[in-house]
Amino acid sequence: MFELTAAVRAFAEERDWQQFHTPKNLAMALAGEVGELLAELQWLTPEQSEAVMRDPELGPRVRAEIGDVTIYLVRLADVLGIDLAEAARDKLADSARRYTVEAARGSAAKISPPAP
């Protein structure tokens, strides 16, 4: 993750874009890119969406949008001083506590955490 963060940071610095890379602007750009990813998948059936990467036209577009989403997320985390991998591990550990295997297995329903 460090190499990607350094590469994205260098890309922005070489172009003197860091002045525009406020957390608000980066979050908005990230949301826009997620919207573009959603647009690629919007009207596909569940089966088509599962097979999207085998589509010679749509697969590369989805891959490119995921690349854009990743770049903006990495840049946002960097600007905010957040270790992205650590934040993801922490969130995963929190979710494991909130959604135990026994209570959540096979269910998409949100489970209320136990009352304190």
Side-chain angles (χ1 to χ4, degrees):
M1 188 64 67
F2 175 78
E3 289 179 15
L4 180 58
T5 299
V8 172
R9 183 186 307 136
F11 185 89
E13 288 173 352
E14 289 166 356
R15 288 155 181 80
D16 194 26
W17 286 352
Q18 65 273 23
Q19 62 183 312
F20 309 115
H21 286 184
T22 65
K24 176 196 74 77
N25 287 352
L26 290 167
M28 291 175 69
L30 174 61
E33 293 300 338
V34 169
E36 291 180 20
L37 174 60
L38 289 170
E40 296 293 349
L41 301 169
Q42 185 172 9
W43 301 114
L44 301 181
T45 66
E47 296 77 18
Q48 289 169 324
S49 70
E50 290 173 1
V52 74
M53 296 312 296
R54 292 191 297 272
D55 184 303
E57 189 175 310
L58 190 54
R61 294 198 320 251
V62 168
R63 185 177 189 277
E65 294 305 338
I66 288 175
D68 285 339
V69 168
T70 302
I71 289 167
Y72 278 114
L73 181 59
V74 165
R75 183 69 178 137
L76 178 60
D78 185 35
V79 166
L80 291 172
I82 295 171
D83 179 318
L84 195 54
E86 181 182 3
R89 285 190 298 272
D90 290 348
K91 183 60 180 178
L92 189 57
D94 180 58
S95 293
R97 284 189 295 277
R98 293 177 62 209
Y99 307 105
T100 64
V101 171
E102 299 78 21
R105 184 171 184 83
S107 173
K110 289 281 188 177
I111 301 166
S112 298

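Reckoned from all heavy atoms, side chains included, excluding hydrogens, waters and symmetry mates.
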Hydrophobic cluster partners of Met28 (side-chain heavy atoms under 4.5 Å): none
Euclidean distance, Leu76 CG relative to Thr22 OG1, rounded to 0.5 Å: 9.5 Å
Thr100 side, atom OG1; Arg105 side, atom CZ - distance, nearest 0.5 Å: 11.5 Å
Nearest atoms (heavy-atom pairs only) where Met53 meets Gly59: CE-O, 3.3 Å
Spacing of His21 atom NE2 and Asp16 atom CG [to the nearest 0.5 Å]: 10.5 Å
Contacts of Arg63 that satisfy salt bridge (charged side-chain N to carboxylate O under 4.0 Å, His left out) - sequence neighbours left out: none
Beyond-backbone contact of Leu80 with Leu26, side-chain heavy atoms, under 4.5 angstrom: no
Pairs where residues 3-14 contributes a residue and the test side chain to side chain donor-acceptor pair (under 3.5 Å) is met, not counting sequence neighbours: Arg9-Asp78
Within 6.0 angstrom of Arg15 CZ, more than 12 heavy atoms from elsewhere: yes
Under 3.5 Å donor-acceptor, Ser49 side chain and Pro46 backbone: yes
Nearest-0.5 Å distance, CZ of residue Arg61 to CD of residue Glu40: 4.0 Å
From CG (Leu30) to OG1 (Thr70), nearest 0.5 Å: 9.5 Å
Which donor-acceptor pairs under 3.5 Å do the side chains of residues 32-39 make with protein atoms, sequence neighbours left out?
none

Donor-acceptor contacts under 3.5 Å from residues 84-91 side chains, at least two apart:
none

Remaining members of the apolar cluster that contains Trp17, side-chain heavy atoms under 4.5 Å: Phe11, Phe20
